[in-house]
Amino acid sequence: MSRAPATPERAALHQFLARHQRFLLTTHVNPDGDAIGSEVAFARWLRATGKTVRILNDSPTPKAFAWLAEEGPVELFTEPLAETRFAEADALVVIDTGNKQRIGRLAEPLARHAIAVAIVDHHVTHDGFGQVNVIEPQCAAAAVLVHELMREAGAEIDPVSAMALYVGLATDTGNFRYSNTDARALRMAADLVELGVDVSDVTSRVHQSAPPGRLRFFGEALSALEMRHGGQLVVLEATPEQFQRHGLSGADTEGLVDLPRAIEGVEAVALFSEVEPGRVKVSLRSTGRVNIDGVCARLGGGGHPHAAGVMLRGTREQARARVLPDLERLLAELPAAGGQAAPARGAGA
Ligand code: AMP
Ligand code: MN
Ligand code: MN
């Protein structure tokens with residue numbers, strides 16, 4: 001180990017990794033750049049130490065990160081494949097979520113197989129279901145944790161892993177624009193650039209892969225945006241008909257909820273995205289003064305103080321009725337603009 005582990009939990013994780021030989025890695029449903037990037041770097045790190053590693057996720061990798069997932073490789077859940085992967089493994093590492101529900105269909109085989117579990121996560125809302133739980137909400141991304149764990153272990157960060165970690169860091173910080181962008185995140189970015197990451201190349205791989213329908217869909221959703229609460233709250237909706245007509249999936253809303261942050265005076269944004277009839281994905285964002293994770297946590301979801309989500313059954317109208325009054329109450333409690341900011345970190349996903 002080239003550096004002392006920063007916490008007893010991290011030391012326990014290093015021991016956990018040394019104790020086991022055949023690892024299965026997973027992350028949350030509808031994985032994002034941090035989920036895929038952190039898994040890929042983690043897998044390559046363990047493999048370099050002679051371990052056997054597989055990555056299995058509940059949901060497909062968004063197209064923007066497909067090039068990265070190939071480096072894992074990241075496998076997609078089927079019942080027989082999950083059965084094989086759980087039978088082969090002696091340990092599961094869950095990355096970028098600490099919430100059992102959020103690993104989706106892997107929860108069922110996990111309940112049947114006697115397998116050791118470790119969590120590596122940065123979410124405030126978690127149930128820490130591992131034997132070892134390294135959960136650090138102060139980290140801007142799970143990739144920050146993975147990077148520091150690798151440094152503690154004295155691991156070599158090869159060019160692919162550096163790129164993977166960069167993707168995690170850059171996506172969860174909104175390309176270093178959100179409130180979770182701190183000195184640690186920027187130092188890490190500098191370290192990764194020194195290791196050879198080409199920022200412009202990685203950024204275009206991630207952000208220049210959209211089909212035209214996605215922008216048309218953004219245009220439609222944005223042109224229908226509603227301003228509420230004296231301009232402090234923006235509400236967006238996406239309908240099953242729109243997803244169908246543009247040939248899109250739920251993952252294609254990625255980034256949409258962040259755009260209205262640009263409007264002057266906006267404190268919070270809510271997106272009600274009905275991918276299939278009767279299932280509404282709620283995404284909330286705060287521009288910094290209100291902490292919105294509680295609104296989602298009360299409904300069974302969660303996230304970070306400034307970026308949170310929950311999946312609700314029912315109509316968009318019903319979802320709005322469960323979310324908007326709570327949000328408006330939070331906004332009503334705000335001091336006049338220019339007042340004290342809410343002390344919160346971690347806006348990433
Ligand atoms: P999203 O709006 O999907 O980008 O999610 C924003 C943040 O909320 C991310 O940190 C997610 O991990 C978290 N999140 C989204 N949906 C859920 C959920 N159903 N349960 C717990 N956390 C969630
Ligand atoms: Mn994530
Ligand atoms: Mn994350």
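Order of appearance sets the numbers: ligands from 1, and atoms from 1 within every ligand. Note that this is a predicted model, so its numbers are computed, not measured. Atom set for the values below is all heavy atoms of this structure, side chains included, hydrogens, waters and symmetry mates excluded.
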request  = Run the numbers on Thr253 and Lys281 for side-chain contact (heavy atoms from CB on, under 4.5 Å), then give the verdict.
outcome  = CA-CA 10 Å; Thr253 57; Lys281 166 77 206 289; 5.9 Å; no
request  = Below 4.0 angstrom from a heavy atom of Ala307, which ligand 1 atoms are there? Numbered from 1 as shown, please.
outcome  = 6 (C), 7 (C), 8 (O)
inquiry  = Side chains of His246 and Glu220: any donor to acceptor distance under 3.5 Å?
reply    = yes
inquiry  = Could you work out, for atom 15 (C) of ligand 1, the closest of Gly250, Gly309, Ser273 by heavy-atom distance?
reply    = Gly309
ask   = Taking the inter-plane angle between the rings of Phe42 and Trp45 on a 0 to 90° scale, is it parallel (under 30°), tilted (30 to 60°) or perpendicular (over 60°)?
value = perpendicular
key: Close-contact set for ligand 1 against Val310 heavy atoms, below 4.0 Å   = 16 (N), 19 (N)
inquiry  = Once you restrict to heavy atoms under 4.0 Å, what part of Lys281 touches ligand 1? Side chain, backbone, both or neither.
reply    = side chain
inquiry  = Let's go through Thr171 and Glu254 carefully: what are the C-alpha distance in whole Å and the side-chain angles of both, what is the deciding distance for side-chain contact (heavy atoms from CB on, under 4.5 Å) to 0.1 Å, and is it a yes or a no?
reply    = CA-CA 10 Å; Thr171 52; Glu254 179 74 31; over 6 Å; no
query = Of all N, O or S atoms in Asp96, which has the smallest distance to the Mn ion (ligand 2)?
reply = OD2
ask   = Which of these, Arg102, His28, His306, has its nearest heavy atom closest to atom 11 (C) of ligand 1?
value = Arg102
task = Measure across Pro240 and Arg316 and return the closest heavy-atom pair with its distance rounded to 0.1 Å.
result = CD-NH1, 3.8 Å
key: Ligand-residue contact atoms, ligand 1 with Gly303, heavy atoms, under 4.0 Å   = 8 (O), 13 (C), 22 (N)
request  = Would you check the N or O atoms of Val282, main chain and side chain alike, for any that come under 3.5 Å of an N or O of ligand 1?
outcome  = no
request  = Identify whether the distance between the nearest side-chain nitrogen and carboxylate oxygen of Arg112 and Glu83 falls below 4.0 Å.
outcome  = yes
inquiry  = Any N/O/S atom from Asp172 (main chain or side chain) under 2.8 Å of the Mn ion (ligand 2)?
reply    = no
inquiry  = What is the name of the N/O/S atom of Asp34 that is nearest to the Mn ion (ligand 3)?
reply    = OD2
task = Mind checking whether Gln101 contacts ligand 1 via backbone (N, CA, C, O), side chain (CB onward), both or neither, at a 4.0 Å heavy-atom cut-off?
result = neither
remark   = Partner of Val74 under side-chain contact (heavy atoms from CB on, under 4.5 Å), picked from Leu25, Ile55, Thr27, is Ile55
task = For the Mn ion (ligand 3), decide whether His123 has an N, O or S atom at a distance under 2.8 Å.
result = no
ask   = Have His147 and Asp191 got a donor and an acceptor in their side chains that come within less than 3.5 Å?
value = yes
inquiry  = Testing the 3.5 Å rule here: is there a donor-acceptor pair between the side chains of Asp172 and His122?
reply    = yes
query = Going by the atom numbers of ligand 1, which of them fall below 4.0 Å from some non-hydrogen atom of His304?
reply = 10 (O)
Whether Phe176 and Tyr166 hold their rings parallel, tilted or perpendicular, with breakpoints at 30° and 60° = tilted
NZ or CZ of Arg285 within 45° of Tyr178 ring axis and under 6.0 Å = no
remark   = Note: Glu254, heavy atoms under 4.0 Å from ligand 1, region reported as neither
task = Return a yes/no value for Asn99: is any of its N or O atoms, backbone included, closer than 3.5 angstrom to an N or O of ligand 1?
result = no
message = Heavy atom to atom 14 (N) of ligand 1, shortest distance: which of Gly98, Ala270, Gly302 holds it?
response = Gly302
query = Are any of the N/O atoms in Gly301 less than 3.5 Å from those in ligand 1?
reply = no
query = About how large, to 10 degrees, is the angle OD2 of Asp32, then the Mn ion (ligand 2), then NE2 of His28?
reply = 100°
key: Under 3.5 Å: N/O of Ser283 near N/O of ligand 1   = yes
request  = Apply side-chain contact (heavy atoms from CB on, under 4.5 Å) to the pair Leu256 and Leu222, showing each step before the final yes or no.
outcome  = CA-CA 8 Å; Leu256 174 60; Leu222 288 172; 4.0 Å; yes
